[in-house]
Amino acid sequence: MAHPSRPTSPAPRRGALLGGALAATLAAALLPALPAAALTAPGAAPGAGTGSAECRTDPQAAPKRQMRAEWIAGVQNIDWPSRTGLTPAQQQAELTALYDRSAANGLNAVFVQIRPTADAFWPSPHEPWSEWLTGTQGRDPGYDPLEFAVEQAHARGLEFHGWFNPYRVAMHGDLDRLTADHPARRNPDWTFTYGGRLYYDPGIPEVREFVIGAMMDAVENYDMDGVHFDDYFYPYPVAGEEIPDADTFAEHGDGYDDIGDWRRDNVNALVREMDEAVHAAKPHVKFGISPFGIWRNAATDPQGSATNGLQSYDAIFADSRRWVREGWVDYINPQVYWEIGLPVADYAVLVPWWDQVVRGTGVHLYVGQAAYKVGNAGAWSDPRELSRHLDFNRDHPGVLGDVYFSATSLRTNAAEAMAIVREDHYRYPALVPLHEDLPGRAPQAPRVTGGAQGDGVELSIRPGRGERPAYYAVYAVEGAPGRDPDCAVSDARTLLGTVPADEDGRAVFTAEGGGRTYYATALDRTHRESGVSNPRHVQ
């Protein structure tokens with residue numbers, strides 16, 4: 001993941017979901033309702049949503065489903081916690097403030113780093129507490145940060161992806177600085193030092209088995225929605241240094257004439273086996289990777305992109321195109337961290353290339369956006385650059401959303417740029433994209449009651465018969481009930497927000513104003529949406 005410690009330009013359950021209406025209140029107060037006439041033209045057929053002329057939707061300007069996420073980095077205290085030594089209450093306050101800003105920015109997911117350097121943001125039986133929590137590796141922070149992070153994300157209607165770095169052990173090269181019981185210290189032959197940092201050796205099968213087990217502990221015991229890897233597999237090249245794995249290759253490289261092919265196969269095995277482990281444990285949990293934005297240049301490989309930058313296939317042995325084509329990931333999130341028109345790596349070249357890669361695979365494509373570059377010289381000095389990226393994406397239907405690096409930038413150097421993105425692209429909420437390949441079933445339509453409450457509206461939502469929904473989506477149109485409720489919920493411009501279901505499957509949604517008709521739908525963990533509820537008109 002790009003951050004100040006590495007080059008960023010091309011180079012030659014333990015907890016249940018929290019109930020309540022917090023996310024609903026954040027979203028609903030700011031959004032206008034469309035007149036019923038704008039949604040229900042004479043002759044409109046039930047279920048005519050999804051962009052029919054009768055429903056007059058605008059799926060490009062207001063997509064109903066779109067990934068809108070940010071990375072929240074823990075390594076080197078980039079985002080959260082902002083520094084070591086904070087009390088549990090201070091850490092929790094920081095994270096909830098970041099989440100609240102995410103919701104205010106129109107986002108619907110967070111990718112939170114929970115295993116930055118072979119350590120853990122939860123009480124792992126495999127690895128020590130992370131030093132980025134307390135300043136001392138192995139020291140208990142006094143609460144369970146991962147449990148808190150998942151619960152608070154869900155309470156705000158944010159999907160939670162746990163972000164893991166598979167092989168990085170430390171941001172330094174000294175085994176003796178690790179805790180005495182650290183697995184790397186107990187197994188020094190599992191590691192190598194490169195570029196002044198410690199890494200697990202991806203070529204050792206026992207290492208791969210260990211890191212998958214360490215990460216799966218979080219998957220199995222917490223209510224996460226996704227598992228996320230960044231771009232660090234083999235380390236990025238350091239001038240004048242060779243990766244010191246010749247002995248590993250000699251021991252484990254039978255059948256390979258080229259060490260590069262062997263290294264790529266080691267990474268492929270990790271990706272394939274992690275995908276299998278995640279879906280065996282929790283079939284609804286998504287697995288995705290955020291690779292470096294360039295796979296290979298066309299000058300090297302005719303299947304590559306018309307670029308001239310560092311090639312992740314060759315430099316860090318990441319065959320990201322193959323991961324997509326083989327279906328080893330549910331989504332791919334390339335870091336396309338360059339501006340439109342940059343000759344060496346043009347955003348307007350790379351996005352269509354990735355769009356073509358995912359075509360026909362069922363793998364979702366989310367574009368990694370370099371919010372941290374906003375304010376830099378050149379194109380990034382214009383705060384509209386990020387919005388222009390999303391304008392460009394509209395012409396490429398394979399792009400199903402964007403992820404911004406990182407949370408701190410969105411409240412500092414990129415705050416103005418994000419305000420423009422919100423106005424141009426995120427004026428209305430969006431549901432998380434539906435991944436058809438994941439198992440799930442749309443719940444039955446819910447029932448809505450309630451009415452005016454003070455100056456606003458309070459709606460009570462209860463489930464239909466069958467399974468308890470994960471959450472509800474609430475829609476509103478001005479005036480009395482229209483002729484086609486299916487049409488009303490097909491348009492993102494009527495979506496007020498979402499609210500999680502409590503343990504009984506119920507929820508309360510609050511909004512400002514009246515004179516509208518409200519509808520609700522129920523959604524499962526994989527975002528399959530029910531039919532529409534009864535209308536609830538509130539004067």
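In what follows, every heavy atom counts, from backbone to side chain, and hydrogens, waters and symmetry copies are set aside. Since this is a predicted model, take the numbers as computed values, not measurements.
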Any P145 side-chain heavy atom under 4.5 Å of L133 side chain: yes
Inter-residue atom distance N413.CG - M418.CE, 0.5 Å rounding: 12.5 Å
Within-4.5 Å side-chain heavy-atom neighbours: R528 and L523: no
Ring-ring centroid check H161 F287, cutoff 6.0 Å: no
Side-chain donor-acceptor pair present, Y337, Q369, cut-off under 3.5 Å: no
Derivation and outcome, side chain to side chain donor-acceptor pair (under 3.5 Å), residues D79 and T408: CA-CA 6 Å; D79 293 314; T408 295; 2.6 Å; yes
Sole candidate of Y331, W71, F111 that passes ring-ring contact (aromatic ring centres under 6.0 Å, His included) when paired with Y366: Y331
Lys/Arg N to Asp/Glu carboxylate O, R388 vs D424, below 4.0 Å: no
Non-neighbouring partners of E70 that pass side chain to side chain donor-acceptor pair (under 3.5 Å), sequence neighbours left out: S102
No-hydrogen, no-angle side-chain donor-acceptor test under 3.5 Å, H154 and Q152: no
Step-by-step side-chain contact (heavy atoms from CB on, under 4.5 Å) determination, L386 to V374: CA-CA 8 Å; L386 281 179; V374 175; 3.9 Å; yes
Check against side-chain contact (heavy atoms from CB on, under 4.5 Å), T134 and T84: CA-CA 5 Å; T134 64; T84 59; 5.9 Å; no
Closest approach of Q66 to N108 (non-hydrogen atoms, all atoms of both residues): O-ND2, 2.8 Å
Pair D524-H284, side chain to side chain donor-acceptor pair (under 3.5 Å): steps then yes or no: CA-CA 10 Å; D524 74 348; H284 68 274; over 6 Å; no
L496 side chain reached by Y518 side chain, heavy atoms, under 4.5 Å: yes
Evaluation steps, side-chain contact (heavy atoms from CB on, under 4.5 Å), between V367 and W354: CA-CA 9 Å; V367 178; W354 281 104; over 6 Å; no
Pair D144-Y222, side-chain donor/acceptor within less than 3.5 Å: yes
Check ion pair R68-E159 (N to O, under 4.0 angstrom): no
Within 6.0 Å of CZ in R441, more than 12 heavy atoms from elsewhere: no
V227 and F164, any side-chain heavy atoms less than 4.5 Å apart: yes
Validation row: L431, E529 side chains within 4.5 angstrom (heavy atoms): yes
Pair Q113-N165, side chain to side chain donor-acceptor pair (under 3.5 Å): steps then yes or no: CA-CA 8 Å; Q113 194 170 36; N165 187 290; over 6 Å; no
Name of the residue among S460, P463, P469 meeting side-chain contact (heavy atoms from CB on, under 4.5 Å) with R506: P463
Heavy-atom neighbours of E458 CD exceed 12 at 6.0 Å: yes
CD-NE2 distance between E436 and H364, expressed to the nearest 0.5 angstrom: 7.5 Å
Note, P128 side chain near Q137 side chain (heavy atom, < 4.5 Å): yes
Criterion side chain to side chain donor-acceptor pair (under 3.5 Å) on D217 and W122, from CA distance to verdict: CA-CA 10 Å; D217 182 68; W122 75 97; 2.7 Å; yes
D402 versus H425, side-chain donor and acceptor atoms under 3.5 Å: no
CE on M215 to CD1 on I114, rounded to 0.5 Å: 10.0 Å
Min side-chain heavy-atom separation F160-M224 under 4.5 Å: yes
Centroid separation H389 to Y347 less than 6.0 Å: yes
Aromatic ring proximity, centroids under 6.0 angstrom, Y475 and Y519: no
Salt-bridge criterion met for R384 and D382 (N-O under 4.0 Å): no
Under-4.0 Å salt bridge between D355 and R359: yes
Check: H537/R516 side-chain N/O donor and acceptor closer than 3.5 Å: no
Electrostatic pair R462:D504 at N-O distance under 4.0 angstrom: no
Atom of P397, atom of D395 and distance for their closest heavy-atom approach: CD-O, 3.6 Å
T87 vs Y143, side-chain contact (heavy atoms from CB on, under 4.5 Å): CA-CA, chis, key distance, verdict: CA-CA 10 Å; T87 66; Y143 74 112; over 6 Å; no
Nearest atoms (heavy-atom pairs only) where T517 meets A480: OG1-C, 3.2 Å
From CG (D231) to CD (Q335), nearest 0.5 Å: 4.0 Å
Test item: side-chain donor near acceptor, D230 and W163, under 3.5 Å: yes
Residues R493 and D58 bridged, charged N to O under 4.0 Å: no
Spatial distance of atom CD1 (I289) from atom CG (D275) [nearest 0.5 Å]: 8.5 Å
Pair R156-D100, salt bridge (Lys or Arg N to Asp or Glu O under 4.0 Å): steps then yes or no: CA-CA 8 Å; R156 289 159 174 78; D100 288 344; 2.6 Å; yes
